[in-house]
Each structure stands twice: as structure tokens, then as C-alpha cells.
Student: 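Mind having a look at this structure? Questions to follow.
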Amino acid sequence: MRLGRLSATMAFGMALLASGCANVQEIDKTDEALVEKVLTPAVGETAKGTIGDTLIEQKHVFYAPGIKLRQSYETEWIRNGGTRAFPFSFEAGTELKRISTHNGVSIYSGPAKGGLIGLSPMIVGNYGIGVRDDGAVAYVQLAKGVIEETPGRSVKFDKTQVVDETSDSVKREFIYSGRTGDALYFTYREFLRDMARPAFTQNVTYNVKDGPIVGFKKLRLEVQKATNTEITYRLLSGF
């Protein structure tokens, strides 16, 4: 009997997400994340490394507008039949990323407890709430749609910037591979979402007789001293 009740609950939940019942409304638009370029070391800085070390690392970090909840919040939306269905909650301190707007109200999404996710490990993802600037919670977000929240509910929050881990962040590395005679060896690697892309891994060689400046793409560094195991260099520009 318990399995039967769970199956019925799951069936209703999936139908709710897949159909337009319970006044599910499509979300208006999706926000674009802001991008910050992080370069290590900084341009003009002198640094040292040993063989195998990443000499230069440059990555793009994506941020999206968000809120940090000052208090916990549990949804209390009502489906058409008048029965409370699949409530979920956010803990105090949870950061929610703005994923869209609906009727001028920002929709914020993040890790939640309960709801359909709490019923089955097969259902994964985040839930969200539509919050006005004064803290009034106007909508509950499920999958790609929203439902009107019970009127009169609110939550306290602070606005913030949330790291958007779903964006196609790119990281580039320049690694020291040693020296033989006048030849300096380096390896360039490029990552997408922290996963190495073999097509973007390249070994390069430079002859110190040609001068102290090493370049790859837009990267420029000045080699001040180099042995087979160590290198001292100054970064002139990033990738």
C-alpha cells in the first residue's frame, strides 16, 4: 500500500510538471551571467615555479544576480483541489541564483529540501521562488514554470552575486616542462567546466637565444632565469 501511495504521488507530481495544471505559467526569460576574468599571477608580478608547476592560470568566473536568505522559507502553495502539495524549503543562509523573471518578479533558484526531489533520488534539480524587492513571495518555481504562492507570504534576504557553476567557464594554464640546453619547454592546457579538453592541450618549445620573451596566443612572459627544474619569470599579459 505504501508503494502504491508513493507511485500515485509521483504520478501526480510528474503530471503537474509536464502539464499546465495547477495554473503553471511559463517563465518569461532567462538571465545572462556576468563574467569576471581571474589571472594568476597578476600582470607585472614576478613569480617562481618548478617543473610541472602551472606558471599562468587564467579563468572566467560567471556570476549571476542572487539573494542570500536571512531566514528559512517553506513553500505553502495550493493546487487546484485545495490541498497542499509537495512543499519544499530553503534553509537560512541559502544562496539562490536569479534564473528568470515573471511578470516583473525575479525568480530565484537553489538547493531545496522536500518537494518531488525529496520523494525520489531519480528526480534531481533545484526549486525556486519568485520574490519581490520587498520580500513578498509571489511565485513558486517548478521545472520550467511557476505557480502563484499563497498570498501574504514573505521572506527576508540580502542581494548578492552567486557563482554560476552551470555556465561554460573556461580555464587556461601554462605549465613549465623544463629546459634542455637553450630550449625551454611548456605545456598549454585549456579546460571547459574544469574538464581537460585534449584538443586544447599543446606542448610548445622556445629557444632562449631568441630572447627572454615567451608568447602563446596573447600570453607574454619574460623569463628571467630558467634551469631544468626551476624558472623565474614576470607576467607581461594574459591569454
Side-chain angles (χ1 to χ4, degrees), residues 13 16-17 22-42 57-79 84-121 123-171 191-195 238:
L16 174 63
L17 293 179
N23 297 320
V24 176
Q25 307 166 46
E26 291 186 2
I27 297 175
D28 294 341
K29 71 179 185 64
T30 301
D31 281 322
E32 294 183 358
L34 303 176
V35 184
E36 178 185 359
K37 183 171 72 174
V38 180
L39 183 62
T40 307
E57 179 181 281
Q58 180 174 303
K59 59 183 178 180
H60 291 84
V61 181
F62 290 75
Y63 294 92
I67 57 175
K68 184 175 183 178
L69 301 183
R70 291 191 222 164
Q71 61 187 106
S72 61
Y73 184 83
E74 184 177 46
T75 61
E76 197 177 279
W77 57 278
I78 305 299
R79 63 183 173 91
R84 191 178 186 206
F86 307 122
F88 57 87
S89 62
F90 299 107
E91 295 181 349
T94 299
E95 291 187 339
L96 306 179
K97 179 182 70 175
R98 190 173 74 184
I99 60 169
S100 61
T101 60
H102 184 72
N103 292 335
V105 179
S106 294
I107 309 298
Y108 298 95
S109 177
K113 293 183 177 181
L116 291 172
I117 294 175
L119 295 177
S120 171
I123 302 177
V124 296
N126 292 344
Y127 291 135
I129 49 179
V131 185
R132 302 184 191 278
D133 288 342
D134 62 1
V137 181
Y139 299 104
V140 171
Q141 179 253 327
L142 300 170
K144 296 182 180 180
V146 295
I147 299 172
E148 292 183 1
E149 173 65 297
T150 302
R153 311 205 74 229
S154 64
V155 66
K156 294 181 179 179
F157 65 88
D158 296 309
K159 290 190 175 182
T160 186
Q161 293 288 331
V162 179
V163 175
D164 187 357
E165 297 178 351
T166 64
S167 295
D168 291 334
S169 57
V170 177
K171 181 169 69 173
F191 297 78
L192 178 63
R193 294 185 184 176
D194 289 331
M195 298 180 63

Student: Please name all residues satisfying salt bridge (Lys or Arg N to Asp or Glu O under 4.0 Å) with K159, sequence neighbours left out, ordered by chain then number.
Tutor: D133
Student: Tell me if a side-chain donor or acceptor on N103 pairs with a main-chain N or O of V105 at a distance below 3.5 Å.
Tutor: no
Student: Quick one: pull up CD1 in I147 and OG1 in T75 and give me the separation to the nearest 0.5 Å.
Tutor: 9.5 Å
Student: Considering non-hydrogen atoms only, spot the tightest contact between G66 and V162 and give its length.
Tutor: CA-CG2, 3.8 Å
Student: In Å, rounded to the nearest 0.5 Å, how long is the span from NZ of K59 to CG of L39?
Tutor: 11.5 Å
Student: Just to verify, which of K97, R98, E95 counts as forming a side-chain contact (heavy atoms from CB on, under 4.5 Å) with Y108?
Tutor: R98
Student: Pick out which of Y139, F90, F88, Y73 makes a ring-ring contact (aromatic ring centres under 6.0 Å, His included) with Y127.
Tutor: F88
Student: Can you confirm whether more than 12 heavy atoms, excluding those of R70, are under 6.0 Å from its CZ atom?
Tutor: yes
Student: What distance separates L96 CG from S106 OG, expressed to the nearest 0.5 Å?
Tutor: 11.5 Å
Student: Within a 6.0 Å radius of atom CD on E91, are there more than 12 heavy atoms belonging to other residues, nucleotides or ligands?
Tutor: no
Student: To the nearest 0.5 Å, how far apart are CG in D158 and CD1 in I67?
Tutor: 9.5 Å
Student: Please list, chain by chain and in numerical order, all residues satisfying ring-ring contact (aromatic ring centres under 6.0 Å, His included) with F157, sequence neighbours excluded.
Tutor: none
Student: So does K156 get a backbone contact from the side chain of Q71, meaning a donor-acceptor N/O pair under 3.5 Å?
Tutor: yes
Student: At their closest point, which heavy atom of I107 faces which heavy atom of G130, and how far apart are they?
Tutor: CD1-CA, 3.6 Å
Student: I'd like to know if the side chain of E149 reaches the main chain of E76, judged simply by a donor and an acceptor atom lying under 3.5 Å from each other, with no hydrogens or angles considered.
Tutor: yes
